[in-house]
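Both ligands and their constituent atoms are indexed starting at 1 by order of listing.
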Amino acid sequence: MKRIVIFASGNGTNAQRIIDHFKGRTDAQVVQVLSNNKDAKVLERANLSKISAISFNRIALYKTDDVLHLLKASKPDLIVLAGFLWLFPEKIINAFPDSIINIHPALLPDFGGKGMYGMHVHKAVYAFAKANSHQKNYTGITIHKVTPEYDKGAFIFQTKVEVTEKDTTDTIADKVHALEHEYFPLVIEKLLKTP
Ligand code: GAR
């Protein structure tokens with residue numbers, strides 16, 4: 001059985017989708033959810049699904065090897081960043097080569113990098129579309145490998161959706177979330193099946 005560990009910082013609707021997608025299966029399962037925010041709803045979601053849910057602080061992630069040791073004990077085949085907002089440490093990336101993926105709520109390389117997360121991304125996409133209303137505008141999702149830089153790793157999957165004149169920042173966020181929920185579990189499944 002392939003083991004998935006999820007990192008998330010907040011609500012965790014993507015984590016929930018992934019947990020539900022693999023629930024009761026024998027080929028792959030989410031075995032742990034880790035969060036940098038002890039009050040994150042994602043931890044509650046994991047608890048409700050009877051999945052190990054642990055929070056950690058900056059020291060445990062960056063200064064000591066606590067999170068690294070925790071992960072080594074969990075033996076993940078795939079580490080999934082699903083709304084994880086801190087920079088992923090190089091020592092963990094090196095310990096799990098080619099096994100860490102992230103989802104970004106836009107079409108990278110546009111609207112990526114430090115500070116570009118969650119609603120900040122959708123606000124920037126909205127502002128761009130407004131400034132370019134004479135042309136067709138798109139947003140979408142990018143699932144990519146994780147490297148020590150924000151949003152820089154090789155793309156695994158992208159899909160887009162049109163941004164129309166009627167869209168607001170909120171409707172853009174809803175459209176992107178819908179794409180994430182539809183495709184992220186399927187991309188993970190395919191990745192785990194690829195030798
Ligand atoms: C998702 O839209 C994800 O793409 C984004 O955070 C959201 C988390 O939503 N991630 C980033 O912006 C990372 N740069 P969720 O908590 O409902 O899954």
Side-chain angles (χ1 to χ4, degrees), residues 4-23 30 32-49 51 53-56 58 61 78-90 92-93 100-129 138-161 163 167-189 191:
I4 303 164
V5 171
I6 296 177
F7 279 73
S9 299
N11 188 351
T13 64
N14 278 288
Q16 185 76 62
R17 287 291 173 139
I18 300 163
I19 289 168
D20 293 345
H21 183 83
F22 290 101
K23 197 174 180 168
V30 177
Q32 192 162 57
V33 172
L34 299 173
S35 183
N36 57 305
N37 174 2
K38 66 177 175 29
D39 300 318
K41 178 137 189 230
V42 71
L43 294 173
E44 206 181 305
R45 291 177 185 276
N47 279 322
L48 284 171
S49 294
I51 290 169
I54 298 173
S55 68
F56 55 84
R58 279 190 182 278
L61 185 64
L78 189 67
I79 297 170
V80 175
L81 312 191
F84 183 65
L85 304 185
W86 288 0
L87 190 64
F88 215 62
E90 198 162 349
I92 300 185
I93 297 171
I100 312 175
I101 64 170
N102 177 50
I103 191 160
H104 185 76
L107 294 170
L108 291 175
D110 296 333
F111 305 107
K114 194 172 191 294
M116 273 293 177
Y117 59 87
M119 288 310 278
H120 297 288
V121 177
H122 307 309
K123 278 182 188 154
V125 167
Y126 174 76
F128 181 83
Y138 294 93
T139 188
I141 63 172
T142 306
I143 297 167
H144 64 93
K145 292 273 165 72
V146 170
T147 67
E149 275 181 286
Y150 280 112
D151 305 327
K152 282 280 197 255
F155 297 171
I156 298 164
F157 177 85
Q158 279 191 312
T159 190
K160 65 182 182 179
V161 62
V163 178
D167 273 316
T168 62
T169 305
D170 284 337
T171 62
I172 292 171
D174 290 345
K175 283 180 175 180
V176 169
H177 254 123
L179 289 181
E180 293 185 328
H181 294 164
E182 181 177 353
Y183 290 103
F184 204 10
L186 298 174
V187 171
I188 291 169
E189 177 167 344
L191 212 56

[X] versus ligand 1: do any nitrogen or oxygen atoms come within less than 3.5 Å of each other?
| X | value |
| --- | --- |
| Thr13 | yes |
| Glu180 | yes |
| His177 | yes |
| Asn102 | no |

Taking atom 8 (C) of ligand 1 as the reference point, the nearest protein heavy atom with its distance:
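That would be Gly83 CA, 3.7 Å.
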Considering heavy atoms of the protein only, find what lies nearest to atom 16 (O) of ligand 1 and give residue, atom and distance to 0.1 Å.
Gly12 N, 2.7 Å
Check: Thr142 side chain, Gln158 main-chain N or O, donor-acceptor pair, under 3.5 Å
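No, the answer is negative, given that no donor and acceptor are paired below the 3.5 Å cut-off.
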For Tyr183, does its backbone N or O pair with a side-chain atom of Arg17 as donor and acceptor, under 3.5 Å?
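No: the side chain of Arg17 does not pair with the backbone of Tyr183.
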Shortest reach to atom 12 (O) of ligand 1 by a heavy atom, considering only Gly112, Ser9, Gly118:
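Ranked by closest heavy atom to atom 12 (O) of ligand 1, first place is Gly118.
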Side chains of Asn37 and Ser9: is there a donor and an acceptor less than 3.5 Å apart?
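Side chains of Asn37 and Ser9: no pair found under 3.5 Å.
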Should Val146 and Leu81 count as side-chain neighbours, where that means a heavy-atom distance under 4.5 Å?
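Answer yes - side chains close enough.
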Under a 4.0 angstrom heavy-atom cut-off, which atoms of ligand 1 come close to Pro105?
2 (O), 4 (O), 5 (C), 10 (N), 11 (C), 12 (O)
Please determine whether any non-hydrogen atom of Val121 lies less than 4.0 Å from an atom of ligand 1.
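No heavy atom of Val121 comes that close to ligand 1.
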